[in-house]
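Order of listing sets the numbers, starting from 1, for every ligand and every atom in it.
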Amino acid sequence: MRTRTVRRRRLPFTTGRKAAAAAVARPSRAEPSHATMGVRPRLPPRQGQGGGEDLGGGSSCQEGMRGAGLCWEGAGRQSSYWEGRGWGKVGCAGAVDALSPATPSPQKIALQLKATLENVTNLRPLGEDFRWYLKMKCGNCGEISEKWQYIRLMDTVALKGGRGSASMVQKCKLCARENSIEILSSTIKSYNAEDNEKFKTIVEFECRGLEPIDFQPQAGFAAEGVESGTVFSDINLQEKDWTDYDEKAQESVGIYEVTHQFVKC
Ligand SMILES: [Zn+2]
């Protein structure tokens, strides 16, 4: 009897059109890319709607349509895709090219650090090869990078069409838009004893489509003893805590409870 009850409960979700749509296997994560949008399979129904909205027929936005402005998605429309976790939105890179400047408008985002400093000050990233490990989101379609990626001051990539340069230029795997992010070197600030346990901006990024959403401090930080001036030049904050001993001052030093947040400027 129990089995029958369960089946009856499920009945409304497995009838008619919905059942057919639900039976379709989910496409892989890589499937709804720009190039394959025209050949994607029928999709399961979107939550909160009667059935699977069929946007498939005319959604193939080909590279060649861009310049001619023939991409129907260029009318500001967005298509939907099944991402494996839920419904998401795919913007059209072609639309961006046809109707507005190809590069997204810049947005400055500040990375703020908070930590508890013990007998040290002037905590800072060391050198042009310091790696800012970030997870980034495409500002167009919302795709989030799965891996940590790093950007460095020493890396400079030219933007298309002589629009300057960036620390990283990356084509979004999902919507194919070319995004970039740049470290603004003049905004890099040290975290000092007086900033103790308060959020302070330590760097700003100029984001053109690539928006940092997570930060992982790793190696490459330096700091100094507050009174002694002893330099500690190999600080790794990956564990969010670091300790050492200042021989000159004869006291323990440390950096604890490192946290961060992003703030739009
Ligand atoms: Zn994208």
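Protein atoms that are N, O or S and lie under 2.8 Å from the Zn ion (ligand 1) are these: Cys138 SG, Cys141 SG, Cys172 SG, Cys175 SG.
With respect to Asp195 and Lys200, a salt bridge is recorded, a charged nitrogen being found less than 4.0 Å from a carboxylate O.
Judged by distance alone, the side chains of Thr116 and Glu197 do bring a donor and an acceptor atom under 3.5 Å apart. Using modelled atom types, one finds a donor on one side chain and an acceptor on the other under 3.5 Å when comparing Ser252 with Glu118. Under the 3.5 Å distance criterion, with hydrogens and angles disregarded, no donor-acceptor pair is assigned to the side chains of Ser167 and Asp155. Side-chain contact check for Tyr133 and Gln149: no donor-acceptor pair (N or O, by modelled atom type) lies under 3.5 Å. Side-chain contact annotation: Asn179 with Gln170, donor-acceptor N/O pair under 3.5 Å absent.
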